[in-house]
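One structure is given below, encoded as structure tokens.
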Amino acid sequence: MTANNIIIFFIICVLIYLIGGLSSLFTFSIPKLSNRLSNTCAMIASGFLSILMTYKLLILKDTPLEFKYSNNIPFLTISFKIDNLAAFFILVIAIISFIVSLFSYTYMSHYFFKRNISIFGLLYNLFIISMILLVSSSNLLLFLVFWEIMSLVSYFLVNYESEKKEVQRASRIYIIMTYAGTAFITAAFGLMAYFTKSFSFDFSNIANTSIPSNYANLIFIFLLIGFGTKAGIIPMHIWLPYAHPVAPSNISALMSGVMIKMSVYGLLRVILDLLPDNPMWWGVITLIVGSASAIFGIAYSVASTINIKRLLAYSSIENMGLIFCGIGMFLISRAADNSFLLVMALTATLLHTLNHAVFKSLLFMGAGAIQYSAHTKDMEKLGGLIKKMPIASIFIFIGCLTISAVPPFNGFISEFIIFQTIINSIVWFANNSSIIILFMIVAAALSLTGALVAFCFVKMFGISFLGMPRTSNAENVKEPEKPMLVALGISSCLCLALGIFSKYTISIIDNISYEFLNLKLLSTDWSLTKFVHYPIGENKLDISVGLLSILIFVLSSIVILIVYSLRKRTSVERYNTWDCGFTKITPKMQYSATGFSKSIRIILRGIFKPNRDLVITEGHGPYYIKKGIYTMSTEKVFEKYFYVPIIKFIINFSRNYRFKIQTGSIHTYLLYFFSILVLMLLYYSFMA
Amino acid sequence: MITSILKLIVQIIIILLIAPIFTGVIKVLKAKAQHKIGPSIFQPYYNLIKLFKKDLVVSNTSSWIYNVAPYIYFVTSLTALLCLPLVNQLVGFTFYTDLLIIVYLFVAGRVFMALAGLDTGSAFGGMGSSREMLVSALAEPALFIIIITVSARTDIASTNVSSIYNYMVNHTELAFTPINLLLFVSMLMVLIAESSRIPVDDPSTHLELTMVHEAMVLEYSGRHLAFIELGTHIKQLVFMTFMANILIPVGFNVANIFLGFGIYLLKIFVITILVALVELNTVKLRLYSIPNFAAIAFIVSVLGFLTSFILK
């Protein structure tokens, strides 16, 4: 296959998505068919596209795929270019949307005859197309157009169950934050366009013109805010914990798995292509913001969530924080001109992007499966699901292990490389004490983050899957249908495979590094037989996940053999859980999610300011309570101290000045016109 | 290949043989210091043998996780210890491993144990799991800073075990610097927190106010409990081996394997005495004082880290 063929196939894939969307729209009277059509087309196109992109990454690694469509619209040349970086991101989109489409096959069935499935099918396909074209566009204006389509379509998808109050609120916050972010991105792109003099937005043209450093700084800050908003980086994260839980689970899987990664792509694209030099402090800021997101995200997730999807949303903030830490370290090492750290940081960033996409979509789909059969997202109402849905629970369990960075799953390998980058940076910057201390603090923060992730997912899995069912909802849970199970299964197999064979992923990412930096992380040749052990960069990073897993496997099987042979000598008796001599343990006596995380809330009470309130509704005094209402809440620090003051200020300001600016008299408006005319004339006579 | 597998097997056998004895030693030392007779130092072995012979009672509520967790806990602890060589001559698997992997292996074991605690539906188990996850989360930053400092001191910034050992063996004089002393103290505190020792957790009581680890495994019996206890002994030995071989690498590279092993045992014995001394002179902290304890461990490790750049 040549590059041209791939382009043709690529266009065909996009058309298949479109056909899927449209055919779903036209079969609106038969929801089942409509759903089938949209998902089948999405699956075919995604599957085909992931094969194409793998081919591009492995075989056509040196030739970018380009195509242009000339038209008469000024400034907007419709040009697409798929280099290795773009191909990598398209691959991520394609894999995840393949799995999610398979999942949607039956997942959407509980919306049949309640909501319009055909519109959903159209939006779903448009959402995927917009992301794919966004990644492949080689024109800033085009990039913005698709960015906007993606944001708008995802807004409608979040707003799918639009009659619910919480959904309305969430989607409103989402659209406001998205537009705030897009405003910053547009401003940054505008500035870049301004300095290229020519109005061509082509990436290659901008790279050749140097942007004055002051403006470059401004552009970077704008981009960090703009892309950070989409990524859910603290303090711009507030939309994420609202939007992810209320969207249908397949959409949250796509949003959290793929859409928020588009900001990583945008940021990487700009800093790799357009801003080839940067001062140290860019990286420092990104690193600080990233690690703050990591630790705050997971702290919120552990301490204040009982809604599974909100827990996952906060954990996405944490993971995006890790990815931004990678970008930060990349910028720092680029400023310091260290090539080894540079490529390592880039690898960490991209690897975690892929891995997070895989395991987070798995977990969101898992949450969807739970919601599908238990009709609740609330952990406190679940429990004992592992017996009711044994297969699905194994897959979700694998997701939990992966996100807790347990070897040999893939979450481990990317977190490992992030830590390696930190350690190597510490040694490299041995003479720059402030950077060392920064890196040390980041390392400590990330290690605490890692431990809290494990805490968080023990809470999630333990409370909702183990123990006794807490409500009748949990009691009547059934195993989800086959397509959902298969989707979960594929994801969890990917988690394992990408962990054990992470060397292959790294070698694919090496092609990207090579494209931009002329460097590779894997220093030695490797072959299929040596997959177990790979030295990275002069034996600095000598790990062997394969060997480790083999060892663990062998040891476990020996232990199991021994236990099996001992089995006959002792008997196993099944009996009730020890109830301290009372009659019987009831589901209410189990540890709850709130109780499980109480210790964290108390330790971090400086941040969360937990409020507990017990209202006695029946009983005599505080020592003899028959019935009571206990409420617990934590403070949303960023909303309270950052957003609410801003909103208040804006509202007050507009209230006060509304009548002063908009007086209602024609004279004032004429004065406005006149003064603007004068200003424009002045500008043209002096500036132009 | 064959020899390294043989070495690995020898190492596993040695570990299984020696791991419980140090818990026994701590118990005896404590008893002697309090003018009690105390158990034999082989008491942990007797306990294990007894547990292996006993029948099991498994909760009706529990699922497969409950049955699998003890073995995973045991295997991950064992693998973690296999990542660190006991003696210079016994390096089977060791040299492809990494210090950070040890941390992640512990995470694996801990996640399974905490889930098993929740699996029975008993409030004790949930409480123990919550506390165990909390304690280890608090101890984690210190552990990471220690590992980072150790690897930053080697010239090539590696967490690879073989590079660290090669460097340490050639620079045994580093053992007696303030850096290693600080790291040693911090690691001792991490050891105490992670292996459920007295200021943090009391392994010998069964009171809901004091229990952390014990509450989590309360429901276990028979060989399940035996594997958990063996795992805990091994986990304790991992930290001790880290302290003995990486922070005080003196005598690690003697040519005679038996002499080397003797030196290793001696060093572990000294650390055991230190742990016993700490247990004797402190009382169990309340749960919400543990953050202070962890913070001190963290600060000490940070001091070690900073000192390593001043004294370079």
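When reading the values below, keep in mind they use all heavy atoms of this one structure, side chains included, and skip hydrogens, waters and symmetry mates. Chain letters run A, B, ... following the sequence lines, proteins first and then strands; every chain starts at 1.
- Proximity of A/F461 to B/L118: side-chain heavy atoms (C-beta onward) are nowhere separated by under 4.5 Å.
- For B/I72, no part sits under 4.5 Å from any heavy atom of chain A, backbone or side chain.
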Q | side chain to side chain contact (heavy atoms under 4.5 Å, CB included) assessment of B/F309 paired with A/I426 | A | CA-CA 10 Å; B/F309 283 95; A/I426 284 173; 3.4 Å; yes

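- Residues A/T570 and B/F52 fail the side-chain proximity criterion, which asks for heavy atoms closer than 4.5 Å.
- Considering B/V107, B/V111, B/L115 in turn, B/V111 is the only one that fulfils the side-chain contact (heavy atoms from CB on, under 4.5 Å) rule with A/L401.
- Side-chain atoms of B/L138 and A/I603, non-hydrogen and from C-beta on, do get closer than 4.5 Å to each other.
- Looking at A/F465, neither its backbone nor its side chain comes within 4.5 Å of chain B, counting heavy atoms on both sides.
- Between A/N576 atom CG and B/S122 atom OG the span is 12.0 Å, to the nearest 0.5 Å.
- From A/S447, atom OG reaches atom CD1 of B/I148 across 7.0 Å, with rounding to the nearest 0.5 Å.
- For a residue to count as touching a neighbouring chain, one of its non-hydrogen atoms must lie under 4.5 Å from one of that chain's; by this rule A/M589 touches chain B with the backbone only.
- A distance of 5.0 Å separates CD1 in A/I552 from OG1 in B/T79, rounded to the nearest 0.5 Å.
- Side-chain contact between A/I386 and B/W64 is present, with heavy atoms from C-beta onward closer than 4.5 Å.
- At a 4.5 Å heavy-atom cutoff, B/S301 makes no contact with chain A through either its backbone or its side chain.
- If you measure heavy-atom distances from A/L446 to chain B, you find no contacts under 4.5 Å at all.
- Across all non-hydrogen atoms, the minimal contact from A/Y591 to B/A123 is CD1-O, 3.6 Å.
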(Q) I'd like to know whether B/F227 forms a side chain to side chain contact (heavy atoms under 4.5 Å, CB included) with A/V559, so could you lay out the CA-CA distance, the side-chain angles of the two residues, the decisive distance to 0.1 Å, and finally the verdict. (A) CA-CA 10 Å; B/F227 273 109; A/V559 168; 3.8 Å; yes

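- Taking all atoms of both residues into account, the shortest heavy-atom contact from A/A451 to B/A137 is CB-CA, 3.4 Å.
- For the pair B/D119 (side chain) and A/L466 (backbone), a donor-acceptor distance under 3.5 Å is absent.
- The candidate with the highest count of non-hydrogen atom pairs below 4.5 Å against chain B, out of A/A405, A/A445, A/G462, A/S571, is A/S571.
- In this structure, CZ in B/F124 is found 11.0 Å from CG in A/D579, a value given to the nearest 0.5 Å.
- Across every non-hydrogen atom of A/V427 and B/A152, the tightest pair is CG2-CA, 3.6 Å.
- Only the side chain of B/I65 comes within contact range of chain A, judged by heavy atoms closer than 4.5 Å.
- Crowding of A/F553 atom CZ: a count of heavy atoms from other residues, nucleotides or ligands under 6.0 Å not exceeding 12.
- In this structure, chain A has a heavy atom under 4.5 Å from the side chain of B/L306, while its backbone stays farther away.
- For the atom pair CZ of A/F397 and CZ of B/F112, the computed distance is 3.5 Å after rounding to the nearest 0.5 Å.
- Minimum heavy-atom separation, B/S129 to A/F596: CB-CE1, 3.7 Å.
- Residue contact with chain A, scored on non-hydrogen atoms closer than 4.5 Å, involves the backbone and the side chain of B/Y104 alike.
- B/S130 and A/F455 make their closest contact through O-CE1, 3.6 Å (heavy atoms, listed as atom of the first residue, atom of the second, distance).
- The greatest number of non-hydrogen atom pairs below 4.5 Å with chain A, out of B/V302, B/L134, B/L105, is found for B/L134.
- Under the 3.5 Å distance criterion, the side-chain polar atoms of A/R574 are matched with a main-chain donor or acceptor of B/S59.
- With a 4.5 Å cut-off on non-hydrogen atoms, B/I147 does not touch chain A at all.
- Contacts between B/E140 and chain A at a heavy-atom distance below 4.5 Å involve backbone atoms as well as side-chain atoms.
- Contact count versus chain B (heavy atoms, under 4.5 Å) is highest, among A/E573, A/M468, A/Q590, for A/E573.
- Residue B/Y66 does not touch chain A at all, counting heavy-atom pairs closer than 4.5 Å.
- Side-chain contact between A/L555 and B/I12: present, with at least one pair of heavy atoms (C-beta onward) separated by less than 4.5 Å.
- A distance of 6.0 Å separates OG1 of B/T61 from NZ of A/K387, quoted to the nearest 0.5 Å.
- Residue B/I145 touches chain A through its side chain alone, counting heavy-atom pairs closer than 4.5 Å.
- Contact count versus chain A (heavy atoms, under 4.5 Å) is highest, among B/A108, B/S136, B/G126, for B/G126.
- Taking 4.5 Å as the limit, every side-chain heavy atom of B/M113 sits out of range of all side-chain heavy atoms of A/V458.
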